[in-house]
Chemist: 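Take a look at this one; I'll ask things after.
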Amino acid sequence: MNQLSIIIPMHNEASGLSALFDALLPVLETITKKWEVICVDDGSTDDTLSSLKAYHLQDARIRILSFSRNFGKDVALTAGLEHATGQAVIPMDADLQDPPEIIPQMVERWLAGAKIVNAVRVDRRRDSAFKRFSAGCFYRLMGRIADSPIHHQTGDFRLLDANIVEELKKFPERTRFMKGLFAWVGHTPDIVEYSRTRRDTGISQWSLGKLYRFALDGLFAFSTFPLKIWTYIGLSISFLSLGYASFLVIRTLIDGVDVPGYASIMTSILFMGGVQLISLGVIGEYIARIYKEVKQRPLYIVAERIGFQEKQKTKTEA
Ligand code: UDP
Ligand code: MG
């Protein structure tokens, strides 16, 4: 059995592979000879897969799962977790923004008994101001309304004990917001701090649209607050309109009938129309997710599986 599994989702990372393995493999060697690196090629359109195959020929402990298309980082992570055999499992990014140098410290904490060791970013100055601001808002909101608080400065880079991985494998849901799932499992994590560097090679795979959908997934998958808030908004608007109605009755009794009112009627009709559409939209977000769940489609399709002992078929796989 492998002692240590590293899971690396990759989408068009060919340009950074040599730097990655040069930095990562020597670190792993100092910890144990029994390591495996599971590279999940998430539908790359560049040379990622062919380069990976060359690395696999050099060292069979570099294993490859290649998806039939791009399924997203969180699905790639899930596939990696399902194939990992290590007693400790560490997901990390391919762009060296998660420094391999701190892996020995994480392993030390695990050997000392920690079930989860989070790598916590202490310095995000190198991320863009917009990214820091939007991430800050998102995590503050999640902290208030989500089932389980998500640690702001922790990404997917963390060490998970095999028991935790077993627990995570039981999650059948299709919306794979992994940070949220990691937090949901519970256990008090141990912490190793590091400062996050800029991506050296390739480009960030996160477009603004992708980040927005990622945030919505997190929100809707881990909170029902957006569904419930409409009861309160509806109640407040009803009370306000009751108050306004009483005011109109009294004013009519005192001043007599007053016909003008086109502007105020239009405003309230449009306002109410808007409020109702927004609430319908939120309900739609949940229904879309329910629909996705009931279809029970496989989470991902593996086109090639290289370096694994036997073909492992798992629940969520075709
Ligand atoms: N990634 C992936 N599938 C995707 C997008 C990204 O597997 O659809 C991988 C990517 O190759 C990298 C990791 O996820 O290893 C983090 O991506 P990136 O560096 O673009 O994200 P950021 O560091 O900006 O959060
Ligand atoms: Mg990155």
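Order of listing sets the numbers, starting from 1, for every ligand and every atom in it. Heavy atoms only: backbone and side chains are in, while hydrogens, waters and symmetry mates are out. Predicted, not measured: the structure shown is a model, and the values here were computed from it. Position 1 is the first residue of the sequence; numbering continues from there.
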Chemist: Counting backbone and side-chain atoms alike, does Asp93 have an N/O/S atom under 2.8 Å from the Mg ion (ligand 2)?
Modeler: no
Chemist: I would like to know whether Tyr55 and Ser18 meet side-chain contact (heavy atoms from CB on, under 4.5 Å); could you show each step before the answer?
Modeler: CA-CA 9 Å; Tyr55 281 106; Ser18 69; 3.2 Å; yes
Chemist: Just to be sure I read this right, does ligand 1 sit under 4.0 Å from the backbone of Asp93, its side chain, both, or neither, counting only heavy atoms?
Modeler: both
Chemist: Closest heavy-atom contact between Leu81 and Val89?
Modeler: CD2-CG1, 3.9 Å
Chemist: Output the list of atoms in ligand 1 that are nearer than 4.0 Å to some heavy atom of Asn70, sorted by atom number.
Modeler: 3 (N), 4 (C), 8 (O)
Chemist: Can you confirm if the aromatic rings of Tyr300 and Phe67 lie within a centre distance of less than 6.0 Å?
Modeler: yes
Chemist: Taking distance alone, with N or O pairs closer than 3.5 Å, would you say Ala76 contacts ligand 1?
Modeler: no
Chemist: Test side-chain contact (heavy atoms from CB on, under 4.5 Å) on Leu77 and Arg176; report intermediate values, then the result.
Modeler: CA-CA 9 Å; Leu77 265 183; Arg176 311 296 303 187; over 6 Å; no
Chemist: Tell me which N, O or S atom of Asp95 sits nearest to the Mg ion (ligand 2).
Modeler: OD2
Chemist: Counting only nitrogen or oxygen atoms and a 3.5 angstrom limit, does Ile8 reach ligand 1?
Modeler: no
Chemist: Got a salt bridge between Asp190 and Lys115, using NZ or NE/NH1/NH2 to carboxylate O under 4.0 Å?
Modeler: no
Chemist: Could a heavy atom of Met92 be found less than 4.0 Å from some atom of ligand 1?
Modeler: no
Chemist: At less than 4.0 angstrom from any non-hydrogen atom of Glu13, what atoms of ligand 1 do you find?
Modeler: 10 (C), 11 (O), 12 (C), 15 (O)
Chemist: If I take atom CD1 from residue Ile265 and atom CG from residue Leu270, how far apart are they, to the nearest 0.5 angstrom?
Modeler: 11.5 Å
Chemist: Less than 4.0 angstrom from a charged side-chain N to a carboxylate O is my criterion; do Lys179 and Asp74 meet it?
Modeler: no
Chemist: Gly72 heavy atoms, cut-off 4.0 Å: which ligand 1 atoms fall inside?
Modeler: 3 (N), 8 (O)
